[in-house]
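Below: one structure, written as structure tokens.
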Protein chains: 2
Amino acid sequence: MSDVDLTVERLELRGHRVTASRRRVIEAVLARPSHFTVDDVLRETRAVGRATVFRTMKLLTDLNVVCRVLFEDGALHYRVSTRGHHHHVVCRECGRVEDFTTCDVSALVRDLSRATDYEIEGHWLEGYGRCSDCRAATVPASREAPGG
Amino acid sequence: MSDVDLTVERLELRGHRVTASRRRVIEAVLARPSHFTVDDVLRETRAVGRATVFRTMKLLTDLNVVCRVLFEDGALHYRVSTRGHHHHVVCRECGRVEDFTTCDVSALVRDLSRATDYEIEGHWLEGYGRCSDCRAATVPASREAPGG
DNA sequence: ACCTAACTGAGACTCGGTATCAACGCAAAC
DNA sequence: GTTTGCGTTGATACCGAGTCTCAGTTAGGT
């Protein structure tokens, strides 16, 4: 059973209908090797309406098929979701995105709860830096960072 | 010397001009007891042009007079900046925002660097939960969370 | 085959923010 | 005090991301 079929099944289980448009969006999304924007999907699914693509992206986010990655400039990207709760590191140079689950964010959150007297129920964490490949290429590329 | 004058001085030191419009924006911003949106500032500085308010907010962010707070629904708020680098916890119920510097984020970042083989240069962290006041008010308010 | 609620898609709309550009005015030089 | 020039302003057009509307379509249960 393909990834697409698996996702389709998840849709059905939640009582959503499986339409040709949704299938096309799912196919486009799952074919993406790395992170992507809604615009990327729009470009690959010309036949599907704008609103439908946005609606389906939201649906896929709710189903945890994809997750959102916040870039430093505020741009929202997506990425096919692997595990459960995790965070991302984004390479400032090549834009590569990596997941991480290894680090103990929960300990930080616990400390944080204590320090602020808040009951912390959720958090958002993104890391920004340079991936190993870009560091290996010693020539420091000067790519200007967009606004913000 | 008032906070406004101090900020104005910072502007001058950086070679920026001190205009009536900027002064009005700075006054509105510094009068804010807590976090606020650009829209709040716009509403309080009717005489000042939209573009100028946005430009001044950017300027104040660069000068570290204010810092940005990302809400869970993606809305960008501002808040008069206290210390240097810090993070926020946002109360999901009353929207209160608290700073925190106490927690050792740098340790996490160090682990993160090791785990992902990225050179982590920056990060974005926000916590979401319920503040002590809202927890004290035992009645669980059901406020629906906006999109996302 | 029928029915209907879920879904679609074109397009108008909203919202936050930026670009343009002629006019303005701060502040340094005279 | 006047000149001057460049940083700044603000009206307005524009942009991109996302939502709303609504008439028309369709998946999928009976």
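Quick note on labels: first sequence line is chain A, next is B, and so on, each numbered from 1. Just so we're clear, the structure is a prediction, and the values are computed from it rather than from any experiment.
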Just compare [options] and give me whichever is closest to any side-chain atom of [X].
{"X": "A:H16", "options": "C:dC7, D:dG10, C:dG9", "answer": "C:dC7"}
{"X": "A:F54", "options": "C:dG11, D:dG18, C:dG17", "answer": "D:dG18"}
{"X": "B:T19", "options": "D:dG5, D:dG10, D:dT9", "answer": "D:dT9"}
{"X": "B:V38", "options": "C:dG17, C:dT8, C:dG25", "answer": "C:dG17"}
{"X": "B:V18", "options": "C:dA5, C:dA27, D:dG10", "answer": "C:dA27"}

Rounded to whole angstroms, how far apart are [atom1] on [X] and [atom2] on [N]?
{"X": "B:F36", "N": "C:dG16", "atom1": "CZ", "atom2": "C1'", "value": "16 Å"}
{"X": "A:F71", "N": "D:dA17", "atom1": "CZ", "atom2": "C1'", "value": "16 Å"}
{"X": "B:R22", "N": "C:dA27", "atom1": "CZ", "atom2": "C1'", "value": "14 Å"}
{"X": "A:R43", "N": "D:dG16", "atom1": "CZ", "atom2": "C1'", "value": "13 Å"}
{"X": "A:L42", "N": "D:dT19", "atom1": "CG", "atom2": "C1'", "value": "14 Å"}
{"X": "A:L59", "N": "C:dT8", "atom1": "CG", "atom2": "P", "value": "9 Å"}
{"X": "B:D40", "N": "C:dC15", "atom1": "CG", "atom2": "C1'", "value": "15 Å"}
{"X": "A:R17", "N": "C:dC3", "atom1": "CZ", "atom2": "C1'", "value": "10 Å"}

Which class fits the ring pair A:H77 and A:F71: parallel under 30°, tilted 30 to 60°, perpendicular over 60°?
parallel
Any idea how A:F36 and A:Y78 line up, ring-wise: parallel (<30°), tilted (30 to 60°), or perpendicular (>60°)?
parallel
With a non-hydrogen cut-off below 4.0 angstrom, is [X] in contact with a base, only sugar-phosphate, or nothing?
{"X": "A:A47", "answer": "sugar-phosphate"}
{"X": "A:R55", "answer": "base"}
{"X": "A:T52", "answer": "base"}
{"X": "B:S21", "answer": "sugar-phosphate"}

A:K58 vs D:dT19: side-chain N/O to OP1/OP2 distance below 4.0 Å:
yes
Shortest non-hydrogen pair, B:T56 vs B:V25, comes out as CG2-CG1, 3.6 Å
Starting at CD of B:E98, measure out to CG of A:D117 and round the result to the nearest 0.5 Å.
9.0 Å
Side chains of A:R79 and A:H88: does their closest heavy-atom pair fall under 4.5 Å?
yes
When you match B:A20 and B:R50 each to their closest nucleotide on DNA chain D, which lands nearer the 5' end?
B:A20
